[in-house]
Amino acid sequence: MKIKFYLMLLLASTMLFSCAESVAEKPAPAEIAKTDDFDYQVDEFADIKVLRYQIPGWENLSLKEQKLVYYLTQAGLSGRDIIWDQNYRHNLKIREALENIYTNYEGDKSTEDWKNFETYLKRVWFSNGIHHHYSMDKLKPGFSKEYFDTLLSETDTELTGEAYEVIFNNEDSKKVNLDESKGLVQGSAVNFYGEDVTADDVAGFYAKKQSPNPAKPLAFGLNSKLVKENGQLVEKVWKSGGMYGPAIDKIVFWLEKAKGVAENEQQAKALGLLIDYYKTGDLQTWDDYNIAWVKATEGNIDYINSFIEVYNDPLGYRGSYETIVQIKDFDMSQKMKVLEDNVQWFEDNAPLMEEHKKDSVVGVTYKTVIVAGEAGDASPSTPIGVNLPNSNWIRKAHGSKSVSLGNIINSYNNAGTTGRLEEFAHDEEEVALEKEYGQLADKLHTALHEVVGHASGQLNPGVGETKETLKSYASTLEEGRADLVGLYYLMDPKLEELGLVDDHMKVGKAAYDGYIRNGLMTQLIRLEQGADVEEAHMRNRQWVSAWVFEKGQENGVIEKVTKDGKTYFDIKDYAALRDLFGQLLKETQRIKSEGDYEAAKNLVENYGVKVDQDIHREVLKRNEQFKSAPYSGFVNPVLVPEMNEEGEITAIKVEQPVSFEEQMLDYSQKYDILPLEN
């Protein structure tokens, strides 16, 4: 799971958990002073802040290791067009038109219309398409159709038909729709299914698929688009010679170079299998690759590359393209190794039904890494942590890798301050706990979420994968389940015994305060008034928080307080709240283990979707005083190779992009590989 662990607004104090949430989704950190003179902020527009990150220790890598990083980042960027096309079928056409206008318009650029056009283009760049990266709503241009027509005409730019009209009309308004009444597939604009394919078509098609070994189910649908041809359902597989073939061939080109400078045999074996998978599209090879990748734990360089997270598919089958290239942070990884070594203790002592616990949790690794480059669904909106692979049987039999993106978190923490903490925290004690222990609580919650949470529990014999049993609720249930594991253990004295904290009660209190404050209030700043909660991570934070608030009301566990006309949630009994987190964890694991769709639906729909409109209105009003953008993302450092006369790389320098638009235009020029229609 893509720990799109987007550090939670330390300040609003959210916590960092989510396997696929990102810094862009996390509220801004609380009073955190900058620790160096590096210029972290690149740009700010609409609801977005664009930051830079550094690659500390780059100069300590050998030239061979630097080459490996360079080749892996080039492989990742070569697939950039894929995520754009996956996100929406007209994105590449629209991007080309917008960029042509931007680079060729010679008219008055001081007008509000032009500034609004620039903002719209930047928002499209940031979201890898015309739908908001987090809310999934279609982005609304701040200029008229008439003004756009003028720009098209004066720059000799062609954009016609549906690709033109959709910028201004109400069609394809939601990238990922989770409201079943609107049709999960037909109500979603994401480009994973043909326009005439329904959710029932998809269910029927995959019900007929049989894995050679039912105990090791293949990830059917992960790397293809399902369409109808002559009335028959057909998969257009993403592979060399298939859909996205030109980009995939370029990815393979760079991966083969990377394999040539691999650090060890196991790493080379994994890269070879990934290359074979891209060439053939064979899902058995994908499983073989994941097993080899999990076992490739030696060396300083690692990576994530391919069609992985299924959050953008309303049915949970198809993986979005993403890559992250990582350099090991030895010091921090060693400090957190204690979680790897004790993961079985956490499993044995979890408040789960005994039949839902694993007898042996194998192959879990957790490292803090330095990001060297990102692409696809991981950029510009990036996770702050990742836990993979996603296959339940591979995780159980062979283990998983969890990483925390250390330099991303550092960059985010140094990007500025905010006063939202003081505004939404109930009292001075809550503020003080957050300032002193909030960052540590977030780091530990992220680690527990990834290392213990996603590795914990098991499915009952004969129960299918969650995408089949829990359907559209699978992602939010899994993220909530992992959150609950972390929350339960954050107030456990075992953390002191392991030397991870000096005072588990204070760390736990800071964590609980932040989670409830964010889940019931501060995350609502991301929603427009009247909107339901639709994003999987926001849903999970709300249904966890709302459930424990309701179940603890009779005993006054969490008190809803009105003070000076403002609403606050004040935790009165932290031990009782921990017990409620444990009860909910037990039930959530039961739902997953048994594949109980109705229970999943009731939990999410009753607690995670609808918003208290009075509180939402109040939160938005109280938030108006803060001008800091609620979402953040990153430009990537640029790796620049130096060559000798024979064309061999002799050194690789790290440079920082001057601006967001410079990097986006550079990417479009260098990695514009796919045709506009695929």
Side-chain angles (χ1 to χ4, degrees), residues 1-2 19-20 184 192-193 199-226 233 235 237-239 270 273-274 276-278 280-295 306-320 355-364 387-401 454-479 481-482 589-597 600:
M1 278 117 213
K2 184 181 188 173
C19 286
L184 294 177
F192 287 149
Y193 300 97
D200 287 341
D201 289 333
V202 179
F205 182 82
Y206 289 109
K208 298 174 184 177
K209 294 279 188 179
Q210 297 293 325
S211 297
N213 183 348
K216 300 178 179 180
L218 299 176
F220 292 121
L222 183 69
N223 64 337
S224 66
K225 179 178 179 178
L226 188 63
L233 289 166
E235 287 183 311
V237 179
W238 306 328
K239 64 174 184 175
L273 286 166
L274 180 59
D276 291 344
Y277 168 62
Y278 271 129
T280 65
D282 181 69
L283 292 172
Q284 181 60 62
T285 304
W286 171 245
D287 282 352
D288 295 341
Y289 159 70
N290 275 286
I291 294 168
W293 177 78
V294 164
K295 292 180 179 179
S306 198
F307 313 111
I308 300 172
E309 300 296 348
V310 298
Y311 299 96
N312 284 330
D313 182 354
L315 300 182
Y317 283 92
R318 294 173 154 75
S320 295
E355 60 267 33
H356 296 157
K357 295 181 182 180
K358 289 179 179 175
D359 295 330
S360 177
V361 183
V362 301
V364 176
N387 176 273
L388 291 170
N390 286 331
S391 171
N392 283 304
W393 78 262
I394 293 178
R395 297 166 72 86
K396 181 177 180 180
H398 301 281
S400 62
K401 289 180 180 179
H454 285 306
S456 71
Q458 61 183 353
L459 302 180
N460 286 0
V463 174
E465 294 291 298
T466 54
K467 68 183 179 184
E468 300 163 352
T469 58
L470 304 184
K471 302 177 183 179
S472 60
Y473 301 106
S475 293
T476 190
L477 256 292
E478 177 58 21
E479 293 309 315
R481 191 186 67 84
Q589 182 62 60
R590 183 200 66 78
I591 291 171
K592 177 180 178 179
S593 295
E594 297 178 3
D596 189 342
Y597 173 79

Listed by chain and number, what are the side-chain hydrogen bond (donor to acceptor under 3.5 Å, both in side chains) partners of [X], not counting sequence neighbours?
{"X": "Trp293", "answer": "Asp302"}
{"X": "Glu468", "answer": "none"}
{"X": "Asp313", "answer": "Tyr193"}

Side chains of [X] and [Y], heavy atoms from C-beta outward: is any pair under 4.5 Å?
{"X": "Phe307", "Y": "Ser224", "result": "no"}
{"X": "Leu226", "Y": "Tyr206", "result": "yes"}
{"X": "Ser306", "Y": "Tyr289", "result": "no"}
{"X": "Glu479", "Y": "Tyr311", "result": "yes"}
{"X": "Pro314", "Y": "Ser472", "result": "no"}
{"X": "Leu477", "Y": "Lys592", "result": "no"}

Looking at His356, Lys357, Arg395, Arg481, which hits side-chain hydrogen bond (donor to acceptor under 3.5 Å, both in side chains) with Ser456?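 Testing each of His356, Lys357, Arg395, Arg481 against Ser456, the sole residue satisfying side-chain hydrogen bond (donor to acceptor under 3.5 Å, both in side chains) is Arg481.
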Looking only at non-hydrogen atoms, find the nearest pair between Pro389 and Asn290 and report the distance.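 In terms of heavy atoms, the two residues are closest at CB-OD1, 3.3 Å.
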Nearest non-hydrogen partners of His398 and Val294, listed with the distance: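 Residues His398 and Val294, closest heavy atoms: O-CG1, 3.3 Å.
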Please name all residues satisfying ring pair (Phe, Tyr, Trp, His ring centres under 6.0 Å) with Phe205, sequence neighbours left out, ordered by chain then number.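 In terms of ring pair (Phe, Tyr, Trp, His ring centres under 6.0 Å), with neighbours along the sequence ignored, Phe205 is linked to no residue.
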Could you tell me if Asn392 and Glu465 have a donor-acceptor pair between their side chains, going purely by distance under 3.5 Å?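 Note: Glu465 and Asn392 side chains meet the donor-acceptor criterion.
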Pair Thr285, Asp276: side-chain N/O donor-acceptor within cut-off below 3.5 Å: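 Judged by distance alone, the side chains do not pair up.
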Holding to salt bridge (Lys or Arg N to Asp or Glu O under 4.0 Å), I want the full list of residues that pass it with Asp596, two or more places apart in sequence or in another chain.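 So Asp596 forms a salt bridge (Lys or Arg N to Asp or Glu O under 4.0 Å) with Arg590.
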Salt bridge (charged side-chain N to carboxylate O under 4.0 Å, His left out) contacts in which one or both residues fall within residues 206-219, not counting sequence neighbours: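 Pairs touching residues 206-219 that pass the test: Lys209-Glu235.
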Please say whether more than 12 non-hydrogen atoms of neighbouring residues, nucleotides or ligands are located less than 6.0 Å from NZ in Lys358.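 Atom NZ in Lys358 is packed in, count exceeds 12.
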